[in-house]
Every structure is written in structure tokens, then in C-alpha cells.
Amino acid sequence: MRKQRGQTIVAMMIVLVIILVLVVVFFGVRKSGDSPRADKKGYTNLGLVRYSALDTKCQSDIQQLRLSIKMTHDSNVDEGYPATLEDTKLGEEFYKCPVGGEKYVYDPATGEVHCPHPGHEKY
């Protein structure tokens with residue numbers, strides 16, 4: 001009886017096909033400009049996941065800013081809302097959108113803050 005050593009070409013082809021299928025699933029590239037996002041970022045599946053995580057970080061940062069503005073206002077009711085976002089003393093990473101890098105829009109008269117990045121209007 002003869003021993004078979006090493007892999008056959010058929011086994012190698014099967015492994016390559018499986019790897020190719022996984023690459024297409026994870027790194028599947030869409031046509032240029034075919035991103036489902038409003039800002040047209042994230043052309044691969046992994047890119048979409050990355051930008052989705054950054055969207056969540058943007059929501060979290062804005063929520064933290066709103067809570068800090070409310071706490072500052074509640075502790076100094078006579079002074080009103082903070083004059084700038086920097087008065088909340090949260091840190092530089094909280095004052096701009098992690099996706100596009102735009103500074104958050106803040107109205108010191110009402111204490112409202114929102115993100116100007118396309119697709120973040122609802123935040």
C-alpha cells in the first residue's frame with residue numbers, strides 16, 4: 001500500500017476557493033460612490049463597520065457634552081449655559097466629530113449642541 005505525502009492539487013484548490021470566498025465576504029468592494037451612507041464613506045464591508053462604530057462614538061460624545069452642559073448649567077443657574085464647549089472641560093476629542101473632524105455646533109443661548117456631519121443630523 002502506497003502512502004500519500006503532502007497535499008494534492010485538489011485540496012490546495014479547495015483551500016484557495018474557501019479563502020477567496022472569505023475575502024470577498026469581508027472585503028467586498030462596492031462600486032465607487034455606492035456607499036449606503038449619507039457621507040459616502042465606507043466602500044467595503046469592513047469600512048462600513050468602522051464608520052458605524054465612529055457614528056456610535058459621535059453619538060456618545062454628543063450625549064456626554066449634553067450631560068456636561070446640563071450639569072454646568074444646573075450648578076451655575078445664574079450664569080446660564082457655558083459660553084463655549086471648551087468650558088465643559090471634557091477634552092479636545094469631545095469637541096469634534098470623529099468621522100469627519102468637523103467641530104460640533106453649539107448654541108450658548110439655548111445650550112444645544114449637534115453634529116454638522118452629513119448623516120448625523122438626528123444626533
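Each residue takes its place number in the sequence, starting with 1.
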Novice: Could you give all pairs that pass the salt bridge (charged side-chain N to carboxylate O under 4.0 Å, His left out) test and reach residues 58-75, with sequence neighbours left out?
Specialist: K57-D61, K70-D74

Novice: For I69, what are the other residues in its hydrophobic cluster, where any two members join if their side-chain heavy atoms are less than 4.5 angstrom apart?
Specialist: I62, L65, Y81, L85, L90, F94, Y95, Y104, Y106, V113, Y123

Novice: Could you state whether I18 and M12 fall into the same hydrophobic cluster, counting links through intermediate Ile, Leu, Val, Met, Phe, Trp or Tyr residues with side-chain heavy atoms under 4.5 angstrom apart?
Specialist: no

Novice: Could you note down all residue pairs passing salt bridge (charged side-chain N to carboxylate O under 4.0 Å, His left out) where residues 43-55 supplies at least one of them, sequence neighbours left out?
Specialist: R37-D55

Novice: When you compare the side chain of V99 with that of D39, does any pair of heavy atoms fall below 4.5 Å?
Specialist: yes

Novice: Would you say I19 ends up clustered with V10 if hydrophobic residues are merged whenever their side chains have heavy atoms under 4.5 Å apart, either directly or through other cluster members?
Specialist: yes

Novice: Taking all heavy atoms of H120 and all of C115, pick out the closest pair and write down the distance.
Specialist: ND1-SG, 3.4 Å

Novice: Do any pairs count as a salt bridge (charged side-chain N to carboxylate O under 4.0 Å, His left out) and have a residue in residues 90-106, sequence neighbours left out, and if so which ones?
Specialist: none

Novice: Does I9 have any side-chain contact (heavy atoms from CB on, under 4.5 Å) partners at least two apart in sequence or in another chain, and if so, which?
Specialist: M13

Novice: Taking it one step at a time, do H117 and C58 satisfy side chain to side chain contact (heavy atoms under 4.5 Å, CB included)?
Specialist: CA-CA 10 Å; H117 189 75; C58 181; over 6 Å; no

Novice: Closest approach of G42 and L48, non-hydrogen atoms and distance?
Specialist: O-CD2, 3.1 Å

Novice: Going by side-chain contact (heavy atoms from CB on, under 4.5 Å), name the residues that satisfy it together with L16, two or more places apart in sequence or in a different chain.
Specialist: none

Novice: Keeping T72 on the side-chain end and S68 on the backbone end, is there a donor-acceptor pair under 3.5 Å?
Specialist: yes

